[in-house]
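What follows is a single structure, written as structure tokens, with notes after it.
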Protein chains: 2
Amino acid sequence: MRLSRKSEYGLRALLELTKAYDQVALRRSDIAAAQHVPVGFLETILLELKRAGILGSRPGVQGGYRLIKPPEDVSVGQVIRILDGPLAPIPCVSQTAYQTCRDCPYSRTRDCPIQNVMFDVRNAIAGVLDGYTLRAFYDRNRNRRVRKSPKRRGNSPLSSTQGTSDPQ
Amino acid sequence: MRLSRKSEYGLRALLELTKAYDQVALRRSDIAAAQHVPVGFLETILLELKRAGILGSRPGVQGGYRLIKPPEDVSVGQVIRILDGPLAPIPCVSQTAYQTCRDCPYSRTRDCPIQNVMFDVRNAIAGVLDGYTLRAFYDRNRNRRVRKSPKRRGNSPLSSTQGTSDPQ
DNA sequence: ATATAGTTTAGAAAAATTATTAAGAATTAC
DNA sequence: GTAATTCTTAATAATTTTTCTAAACTATAT
């Protein structure tokens with residue numbers, strides 16, 4: 001259930017690119033330095049984000065990468081899907097990349113217990129990540145959620161202001 | 001964000017063991033056959049669940065594995081933690097296995113955007129998985145959640161998820 | 001004692017993740 | 001044009017994690 005380095009690096013890079021949105025292009029080396037990520041790896045990540053239509057780039061002197069979509073229109077969920085694939089814990093509950101299970105004893109009955117649980121998990125994850133825009137991700141103290149209040153637990157929408165209540 | 005085979009196999013095995021709860025012990029070979037999982041791998045999985053106190057076992061003729069905790073008292077989240085480790089996408093938001101990030105540029109400010117997002121994800125995942133008992137997992141059409149549904153049918157003891165780590 | 005079945009450790013095999021390299025192509029400045 | 005800069009692409013190396021196997025060992029019941 002772990003977030004890959006790839007997605008982590010990608011999100012860190014997007015933090016920088018959101019900051020520079022509508023201003024300057026950032027060189028991969030600048031991004032790598034600012035966020036302490038290996039420049040070579042970052043390269044492949046930025047390329048993937050470019051192919052996905054989130055980033056634009058230009059070679060040459062004033063070149064570099066820039067965010068070409070408004071940060072309000074890109075969700076963290078989208079980014080992770082691009083870099084890591086579907087959010088769903090198992091393919092048979094993915095909305096964006098559904099696949100039947102190959103050797104599940106329940107695949108005939110259409111009522112697999114694991115599928116049932118993981119369906120809820122998938123929705124819980126997507127509910128959080130698809131509701132988080134890059135904008136909210138960047139200036140992280142307000143406007144965090146873009147959608148109406150999440151249905152997870154009866155908390156108030158902004159309840160997890162979480163000024164870092166030290167976990168554990 | 002994927003569920004490992006290990007956890008999947010473990011949960012499948014627990015499905016069989018829940019069915020046989022308070023009745024018979026199941027041999028690993030029986031479980032492996034019923035759920036189409038490699039018997040050698042299953043072995044190590046069952047052992048881990050045993051060490052964690054969820055299963056008991058006995059060698060010899062009428063031997064095998066059996067669930068030694070009431071299925072009402074074991075959550076799917078517990079099982080996955082035992083087999084796969086923390087539910088949290090990154091260690092710095094884990095409630096059960098917190099670790100500081102080693103090279104995060106934000107680790108000083110105590111206000112890391114990634115940490116903020118993943119904190120919510122962690123809680124969303126744990127909210128689902130810790131609310132799902134083995135009992136609900138097994139007879140999956142009713143009483144799915146243990147927390148939200150006040151009406152329990154039958155006379156099950158239900159000491160309400162004693163072992164599950166309470167998120168928050 | 002014997003057959004049955006779990007226990008334990010080590011580690012092999014396979015897959016996924018993480019990263020590097022190097023040659024190439026586009027852009028700008030001059 | 002040429003040179004400097006910076007992205008582009010593909011191949012692949014390195015590392016880690018996951019998945020699985022093997023074999024010797026121990027416990028239980030009859």
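Protein chains get the first letters and strands the later ones, always in sequence-line order, with residue 1 at the start of each.
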Specify the separation, in whole Å, of atom [atom1] of [X] and atom [atom2] of [N].
X	N	atom1	atom2	result
Arg27(B)	dT7(C)	CZ	C1'	17 Å
Ile45(A)	dT17(C)	CD1	P	13 Å
Leu47(A)	dA25(C)	CG	C1'	13 Å
Leu83(A)	dT18(C)	CG	P	11 Å
Glu48(B)	dG6(C)	CD	C1'	16 Å
Asp30(B)	dA5(C)	CG	C1'	11 Å
Tyr65(B)	dT4(C)	OH	P	18 Å

task = List for me each residue that meets side chain to side chain donor-acceptor pair (under 3.5 Å) alongside Glu16(B), sequence neighbours excluded, and say none if there are none.
result = Gln35(B)
Which heavy atom in [X] sits nearest to a heavy atom in [Y], and how many Å separate them?
X	Y	answer
Tyr21(A)	Pro70(A)	OH-CA, 3.4 Å
Arg66(B)	Ala25(B)	NH2-N, 3.5 Å
Val93(A)	Pro89(A)	CG2-CD, 4.3 Å
Leu17(B)	Leu67(B)	O-CB, 4.1 Å
Gly10(B)	Ile45(B)	CA-CG2, 3.7 Å

Footprint string (nucleotides 18-30 of chain D, 5' to 3'): B base within contact, S backbone only, - free, heavy atoms under 4.0 Å = -SBBBB---BBS-
request  = Check whether any side-chain nitrogen or oxygen of Lys50(A) sits under 4.0 Å from OP1 or OP2 of dT8(D), and answer yes or no.
outcome  = yes
request  = Give a yes/no on whether any side-chain N or O of Ser57(B) is located under 4.0 angstrom from OP1 or OP2 of dT7(C).
outcome  = yes
inquiry  = Using a 4.0 Å cut-off on heavy atoms, which residues in residues 86-97 of chain A reach DNA chain C? List them by number, or say none.
reply    = none
message = Just to be sure I understand the rule, does Leu26(A) reach a base, reach only the sugar-phosphate, or reach nothing, if contact means heavy atoms closer than 4.0 Å?
response = sugar-phosphate
query = With a 4.0 Å cut-off on heavy atoms, is Arg2(B) in touch with a base, just the backbone sugar-phosphate, or nothing at all?
reply = nothing
key: Stepwise side-chain contact (heavy atoms from CB on, under 4.5 Å) check, Leu14(A) with Leu49(A)   = CA-CA 10 Å; Leu14(A) 283 167; Leu49(A) 293 174; 4.1 Å; yes
ask   = Run the side-chain contact (heavy atoms from CB on, under 4.5 Å) check on Lys19(B) and Leu15(B) step by step: do they pass?
value = CA-CA 6 Å; Lys19(B) 179 153 69 179; Leu15(B) 234 28; over 6 Å; no
Spatial distance of atom CE (Met1(A)) from atom OG (Ser94(B)) [nearest 0.5 Å] = 13.0 Å
